[in-house]
2 protein chains.
Amino acid sequence: MTNLDDDIYETAWITLAQGHQAVLDKIENALKSAELPPLGWYDVLLELSRSEGEGVRAFELESRLLLPQYGLSRLLDRIEKSGFLERQVCKSDRRGKLLYITRSGEAIRQKMWPVYQKAIMDIFEKKLSRTEAVKFIQTLSKLRV
Amino acid sequence: MTNLDDDIYETAWITLAQGHQAVLDKIENALKSAELPPLGWYDVLLELSRSEGEGVRAFELESRLLLPQYGLSRLLDRIEKSGFLERQVCKSDRRGKLLYITRSGEAIRQKMWPVYQKAIMDIFEKKLSRTEAVKFIQTLSKLRV
DNA sequence: GACATTTAAATGCATTTGCATGTACATTGC
DNA sequence: GCAATGTACATGCAAATGCATTTAAATGTC
């Protein structure tokens, strides 16, 4: 295999990194402009919101959000300090905590969503056809396996 | 447009973020395991290496590497402290500095490359056909415009 | 049950990042 | 020429991150 051929994959990675960066910047800027919390908060709040009052364990979020244990622990500290979530000792496993979104947490999540969604749409919808997006998802999904 | 249709683009973004994260983690882990500097250093060193002794201005790297001004300034501090680059006052514009890679900088860059490349290949080559990679690049490129 | 091992989460400390501002030089308009 | 404005880069300080370790409880072994 020649260098020229290899380059396709290197280019794919560079383009992936730059594309990601570009989109992420726009999303974060949109949230900041709207004086809303950063994207990471949304991810957490969405997971908690989806649990429908069941309570979520921190270690579950870790794998879902691809965050390191200590990183998540401190992200939760900050979100909790802002009053958007609560930690309660888990009765069935007293080492752990159950995480619950608060009313104000749900409220801020709902404020964030349209801003977040608009930022995504502004980029993706305008530039990719639906068919292209589906193919894009299929290809990208392979990288995670 | 229905929610279901919109979801394609949201999914595209989530998959992009996760795919990027997964690849990045593998690359950074590979470099760390080999006791080599992080990926950001490689990007800088490659740019300097390509300038063929011409010297590069910091503000040029900023846009090429999509880094904030202060972030780049401090990244350069660290790389310089390790002896992998030099900053020299630019004679034609004394506000600025010209950046040069050192011998040891070029050496470390050449050590990093195979580790970096292997990490990319391990993921992309195994999972994407060449044709698929080309299409992937085309699609992603649109997002940056 | 007593002891070693594993797991969940938090935390001290060093490094890195983000934001705002500072410093020095360059450029523009008069 | 020189005051005003703009540009290149650095930096003080606060916040976030990474790494290693700690704390506490669960689980496994005998």
message = By nearest heavy atom, map B/Arg57 and B/Arg74 onto DNA chain D; which one lands nearer the 5' end?
response = B/Arg57

task = Kindly determine whether B/Glu132 and B/Lys127 satisfy salt bridge (charged side-chain N to carboxylate O under 4.0 Å, His left out), including the steps that lead there.
result = CA-CA 10 Å; B/Glu132 202 167 16; B/Lys127 296 180 177 161; over 6 Å; no

request  = Taking the side chain as every heavy atom from C-beta outward, state whether B/Arg87 and B/Leu98 have any atom pair closer than 4.5 Å.
outcome  = no

inquiry  = So A/Arg103 and A/Glu106, do their side chains get closer than 4.5 Å, heavy atoms only?
reply    = no

Between [N] atom [atom2] and [X] atom [atom1], what is the distance in whole Å?
{"X": "A/Leu75", "N": "D/dA15", "atom1": "CG", "atom2": "C1'", "result": "13 Å"}
{"X": "B/Asp77", "N": "D/dG12", "atom1": "CG", "atom2": "P", "result": "11 Å"}
{"X": "A/Leu76", "N": "D/dA16", "atom1": "CG", "atom2": "C1'", "result": "14 Å"}
{"X": "A/Asp93", "N": "D/dT27", "atom1": "CG", "atom2": "P", "result": "7 Å"}
{"X": "B/Gln88", "N": "D/dC9", "atom1": "CD", "atom2": "C1'", "result": "16 Å"}
{"X": "B/Arg94", "N": "D/dC9", "atom1": "CZ", "atom2": "P", "result": "14 Å"}
{"X": "B/Lys81", "N": "D/dA10", "atom1": "NZ", "atom2": "P", "result": "13 Å"}

remark   = From the list A/Ile14, A/Leu16, A/Thr15, side chain to side chain contact (heavy atoms under 4.5 Å, CB included) with A/Gln18 holds only for A/Ile14

inquiry  = Let me spell it out: for each of A/Lys32 and A/Glu60, pick the nucleotide of DNA chain C with the closest heavy atom. Which residue's pick is nearer the 5' end?
reply    = A/Glu60

query = 5' to 3' on DNA chain C, which nucleotides open and close the contacts with chain A (atom under 4.0 Å from a heavy atom)?
reply = C/dT7 to C/dC19

note = Using a 4.5 Å side-chain heavy-atom cut-off and chaining through intermediate ILVMFWY residues, the residues clustered with A/Val89 come out as none

N/O (side chain, B/Ser73) to phosphate O (OP1/OP2, D/dA10) under 4.0 Å = yes

task = Taking only the side-chain nitrogens and oxygens of B/Arg87, find out if one of them lies under 4.0 Å from OP1 or OP2 of D/dC9.
result = no

request  = Identify whether any heavy atom of A/Gly96 sits under 4.0 Å from a base atom; if not, whether one sits that close to sugar-phosphate; answer base, sugar-phosphate or nothing.
outcome  = sugar-phosphate

ask   = Between A/Asp77 and A/Lys81, is the closest basic N to carboxylate O distance under 4.0 Å?
value = no

Would you give me the side-chain donor-acceptor pairs under 3.5 Å for residues 28-35 of chain A, sequence neighbours excluded?
residue: A/Glu28; atom: OE1; partner: A/Leu39; partner atom: N; Å: 3.2
residue: A/Asn29; atom: ND2; partner: A/Asp25; partner atom: O; Å: 3.1
residue: A/Ser33; atom: OG; partner: A/Asn29; partner atom: O; Å: 2.8

